[in-house]
Amino acid sequence: MKVSAVLILVGVLLLLLGGYCSWTAGRLDRLHHRVATARASLETELARRSALVAELAGSGALDPASSLLLLDAAHRARTATSDTRERAESALTRAIGATGTDVEPWATELGTAVRRVQLARRFHNDIVVSTRELRSRRIVTWFRLAGHAPMPVTIELEDGS
């Protein structure tokens, strides 16, 4: 084989490797964007649920002990720091389950809010798992295709699922 043929072959292989790396980096960037979007959606659903619980607690439809328990749990969930957010949201889920929140029309709205939190968390965690799987590939680590983006983490909540 001539030297020029070898150089052309090496050039084509490098071009293919560069194209694959570029495609993978773009895919990784899109996944990171989806993680951020899913996280924002989950935060919105959690805020909506805690606001609905606080509204139910203040409506007078529940007994005073249940109202106080729900109001305290909703307040702690809304004001939790990022370190304690998962525990506070899980405590709110337990408080919803422990109290008699089956008062109409609140039961339907609260049930919908709880399901939306479950779906948003599952969607977020699925995207995080996909992103982590792609980031664990050798080509991504060798060529540092993830850049300086932090490794995404799953959200573990007791959300009744």
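Please read these numbers as outputs of a predicted model, since none were measured by experiment.
- Both V140 and Y20 belong to a single network of hydrophobic side chains, linked directly or stepwise wherever heavy atoms of I, L, V, M, F, W or Y lie under 4.5 Å apart.
- Here CZ of R122 is found 12.0 Å from CG of L157. Values are rounded to the nearest 0.5 Å.
- Two residues are said to be in side-chain contact when any heavy atoms from C-beta on lie closer than 4.5 Å; T37 and H33 meet this criterion.
- With values rounded to the nearest 0.5 angstrom, C21 atom SG is found 11.5 Å from L28 atom CG.
- The shortest side-chain heavy-atom distance between E158 and E89 does not fall under the 4.5 Å cut-off.
- The two residues L69 and A95 come nearest to each other via the heavy atoms CG-CB, 4.1 Å.
- The closest donor-acceptor contact from the side chain of R132 to the backbone of P152 lies under 3.5 Å.
- Separating the CD1 atom in I127 from the NE2 atom in H32 is a distance of 12.0 Å, to the nearest 0.5 Å.
- Counting only heavy atoms from C-beta outward, the side chains of L52 and E109 approach each other to under 4.5 Å.
- Side-chain contact check for P105 versus T108: every heavy-atom pair is 4.5 Å or farther apart.
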Criterion side chain to side chain contact (heavy atoms under 4.5 Å, CB included) on L71 and H75, from CA distance to verdict: CA-CA 6 Å; L71 195 57; H75 175 71; 5.8 Å; no

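- V128 is not connected to I155 by any chain of hydrophobic side-chain contacts under 4.5 Å among Ile, Leu, Val, Met, Phe, Trp and Tyr, and they are in different clusters.
- Nearest heavy-atom pair across L70 and L56 is CD1-CD2, 4.3 Å.
- Cluster membership check: V103 shares its hydrophobic cluster with V53, using side-chain heavy-atom separations under 4.5 Å among Ile, Leu, Val, Met, Phe, Trp and Tyr.
- For the residue pair A91 and A73, the shortest heavy atom distance occurs at O-CB, 4.4 Å.
- Linking ILVMFWY side-chain heavy atoms closer than 4.5 Å, directly or via other members, places L134 and W142 in a single hydrophobic cluster.
- Counting heavy atoms from C-beta outward, S41 and F123 have side chains that stay 4.5 Å or more apart.
- In summary, E43 and R39 engage in a salt bridge, as defined by a charged side-chain N under 4.0 Å from a carboxylate O.
- Under the 4.5 Å side-chain heavy-atom criterion for grouping Ile, Leu, Val, Met, Phe, Trp and Tyr, F143 is not connected to L14 through any hydrophobic cluster.
- Remark: R121 does not engage E45 in a salt bridge, criterion side-chain N to carboxylate O under 4.0 Å.
- Rounded to the nearest 0.5 Å, atoms CD1 (I139) and CG (L17) are 5.0 Å apart.
- At distances below 3.5 Å, not a single donor-acceptor pair connects side-chain atoms of S50 with backbone N or O atoms of A74.
- By the neighbour-count criterion of 12 heavy atoms within 6.0 Å, atom CZ of R135 is densely surrounded, having more than that number from other residues, nucleotides or ligands.
- Counting heavy atoms of neighbouring residues, nucleotides and ligands inside a 6.0 Å radius, atom CZ of R34 does not exceed 12 of them.
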Candidate pair T93 and S90, rule side-chain hydrogen bond (donor to acceptor under 3.5 Å, both in side chains), full reasoning: CA-CA 5 Å; T93 300; S90 294; 5.8 Å; no

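- The shortest heavy-atom contact between D63 and S66 is OD1-OG, 2.8 Å.
- Counting only N and O atoms by type, the side chains of E133 and T131 include no donor and acceptor under 3.5 Å apart.
- Taking CG from D126 and OG1 from T154, the interatomic distance works out to 10.5 Å, rounded to the nearest 0.5 Å.
- When side chains are defined from C-beta on, L46 counts as touching R49, because their heavy atoms get closer than 4.5 Å.
- Remark: R94 CZ is packed, more than 12 non-hydrogen atoms of other residues, nucleotides or ligands lying under 6.0 Å away.
- In plain terms, the two heavy atoms of A80 and R85 that are nearest each other are CB-CA, 3.8 Å.
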